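The shown structure was predicted, so the numbers you read here are calculated from the model rather than taken from an experiment. Proteins get letters first, then strands, A, B, ... in listed order; numbering begins at 1 in each.
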Amino acid sequence: MASPLTPRATDFPRWYQDVIARAELADNGPVRGTMVIRPWGYAIWERLQAEMDRRIKDAGAENAYFPLFIPQSYLQREAEHVEGFSPELAVVTHGGGKQLEEPVVVRPTSETVINSFIAKWVQSYRDLPLLVNQWANVVRWELRPRLFLRTSEFLWQEGHTAHATEADARAYALQILNDVYLQTMVDVLAIPVLIGHKTARERFAGATQTWTCEGMMGDGKALQMGTSHELGQNFAKAFGIQFSDETGAQQYAWQTSWGASTRMIGALIMAHGDDRGLRLPPALAPVEVIVLVIRDDEAVRAAADALVAELRAGGHRVRLDARTDVSFGRRAVDWELKGVPVRVEVGPRDLAEGNVTLVRRDNGTKRAVPLAGVASEVAADLVSAQADLLSSALAQREARTTVVASIEDVPAAAEDGFAVVPWELVGASGEATLAASGLSVRCLQRPDGSLATDAAPDDGGTPEPGLRAVVAKAY
RNA sequence: CGGGGAGUGGCGCAGCGGUAGCGCACCUGCUUUGGGAGCAGGAGGUCGCGGGUUCGAAUCCCGCCUCCCCGACCA
């Protein structure tokens with residue numbers, strides 16, 4: 001039987017687009033670069049949102065909402081920030097049929113508006129830390145859009161915080177990196193991301209430090225999946241965020257900002273998808289178990305209904321597919337395309353022996369299970385499917401990671417994977433050379449993969465020695 | 001913005017001077033249903049836009065627009 005998708009090995013980008021179309025995740029919008037997120041894709045996003053939102057709140061941040069429109073002049077208050085974002089701004093010049101006195105930009109990110117309010121709200125060291133998060137859409141006029149990975153409008157969360165000291169700000173940026181992003185990506189998305197800090201070249205516009213999570217996709221390329229920035233006092237000075245400390249002296253606050261977006265769905269597709277479609281980690285699957293009625297038969301239907309009820313009572317997200325006017329093969333293929341982790345097939349042949357068939361999406365295994373044992377088998381399958389997706393992604397990353405000892409060996413090693421090389425051998429000039437051949441330094445980290453404690457912002461001291469650079473092609 | 005390519009039913013394509021067709025999808029009916037069912041019937045298109053050549057243009061000519069792929073930017 002012909003595959004419903006272009007095989008990954010034939011044309012990975014084409015495969016990616018095919019999966020999005022066939023799994024009904026998204027469509028291109030009418031305006032270039034915009035995206036319609038379809039119900040199946042949005043349900044995945046809602047689960048991801050819920051998992052992140054809980055962790056964000058555990059980290060002490062509160063949700064709020066700020067306006068979509070920002071006065072253009074706000075962007076200009078922070079020099080690097082405006083320089084970084086100007087090329088991709090959408091600017092509104094007319095409203096209500098008249099030209100506006102001051103154009104407004106559609107937010108590309110909200111540091112400027114949010115900080116202008118934080119400036120109002122912070123007076124004393126007792127107001128700190130101030131921790132807000134917002135779930136919103138943002139617009140960046142991208143030159144080369146790709147669904148989920150780089151769309152002109154995307155959904156994300158952006159956190160913005162103010163702290164009394166640099167150490168507090170750094171600790172919080174790292175707390176978000178570890179307890180929100182790393183945890184969500186590993187435990188929920190089942191993607192074994194690398195964490196580290198960005199080089200000055202790759203840093204967020206206006207930040208003194210950018211911490212990142214980098215995932216490896218199925219073709220060996222890297223994807224930046226979430227970032228947590230230390231903003232130093234850049235925005236505090238630009239927006240006048242000052243407070244009286246314990247001694248009564250005026251101080252500028254130290255800040256962070258951090259964001260992760262619908263791009264993670266692109267990562268999910270590319271990290272776990274196979275030639276049959278999406279493979280969803282159970283933690284994210286809108287439907288964990290599909291109960292498929294093979295034939296229109298009274299006993300079969302009754303058994304299927306009972307199973308659905310039992311599995312739901314066990315706390316699983318279950319859907320019944322009793323569309324017996326559609327052929328079995330068609331329905332099986334459709335649910336595989338959508339990536340539902342476990343399929344329970346209920347048909348007269350198995351049922352005559354008191355069995356149903358359990359099929360796992362992640363590894364394709366199929367087995368007959370007695371009715372009485374279905375609930376516990378399904379529960380076990382969901383747990384191991386979650387774990388196995390993570391471990392196979394990890395194995396794949398390790399197989400495609402090469403440690404090299406000279407910068408000359410980097411391009412070959414990064415051809416279809418990650419090259420790891422001492423940062424001392426690369427440096428800013430080596431980084432520029434690599435960039436010319438389509439490679440970038442994804443992050444810097446210690447040789448054991450841990451974070452550098454003194455990541456050396458531009459203005460402070462010498463970089464920690466012995467760091468390694470992870471180099472790859474990137475999305 | 002530089003280099004390539006393409007615009008024809010929902011999607012993918014053929015047709016390249018004589019008035020539009022194929023596959024998939026869709027609708028109806030019957031037979032099917034344990035890995036994308038079969039047969040029969042049916043609906044759907046100002047051939048990207050504007051102008052020109054011609055008895056006649058999807059097809060040839062001129063202009064414009066849009067989209068896709070490869071580079072510089074990016075969650």
| Between the base of B/C74 and the side chain of A/Arg150, is there any donor-acceptor pair under 3.5 Å? | yes
| said: Just by distance, no angles: are the side chains of A/Trp211 and A/Glu230 close enough, under 3.5 Å, to form a donor-acceptor pair? | reply: yes
| query | Does the ring of A/Phe328 lie flat against the base of B/G35, closer than 5.5 Å centre to centre with planes under 30°? | reply | no
| Base, sugar-phosphate alone, or nothing: which one does A/Gln224 contact when heavy atoms must sit under 4.0 Å apart? | sugar-phosphate
| Side-chain-base donor-acceptor pair under 3.5 Å for A/Arg331 and B/G34 | no
| query | Can you find a donor-acceptor N/O pair under 3.5 angstrom joining the side chain of A/Ser327 to the base of B/G35? | reply | no
| Using a cut-off of 4.0 Å on non-hydrogen atoms, how would the nucleic acid contact of A/Asp334 be classed: base, sugar-phosphate, or nothing? | base
| request: Select one nucleotide: of B/C74, B/G35, B/G34, the one nearest the side-chain heavy atoms of A/Glu88. | output: B/C74
| Between the side chains of A/Tyr16 and A/Asp11, does any donor sit under 3.5 Å from an acceptor? | no
| When the P atoms of B/U28 and B/C16 are considered, how many whole Å apart are they? | 37 Å
| task | Output yes when a side-chain donor or acceptor of A/Arg331 lies under 3.5 Å from a complementary backbone atom of A/Val293, and no otherwise. | result | yes
| said: Counting only side-chain nitrogens and oxygens, does A/Arg14 get under 4.0 Å of the OP1 or OP2 atom of B/C68? | reply: no
| Ignoring hydrogens and angles, are the base of B/G34 and the side chain of A/Lys366 linked by a donor-acceptor pair under 3.5 Å? | no
| task | Describe, in one word, how the ring planes of A/Phe235 and A/Phe239 are oriented to each other, choosing from parallel (under 30°), tilted (30 to 60°) and perpendicular (over 60°). | result | parallel
| field | Proximal nucleotide (of B/G35, B/A75, B/G34) relative to the A/Trp156 side chain | value | B/A75
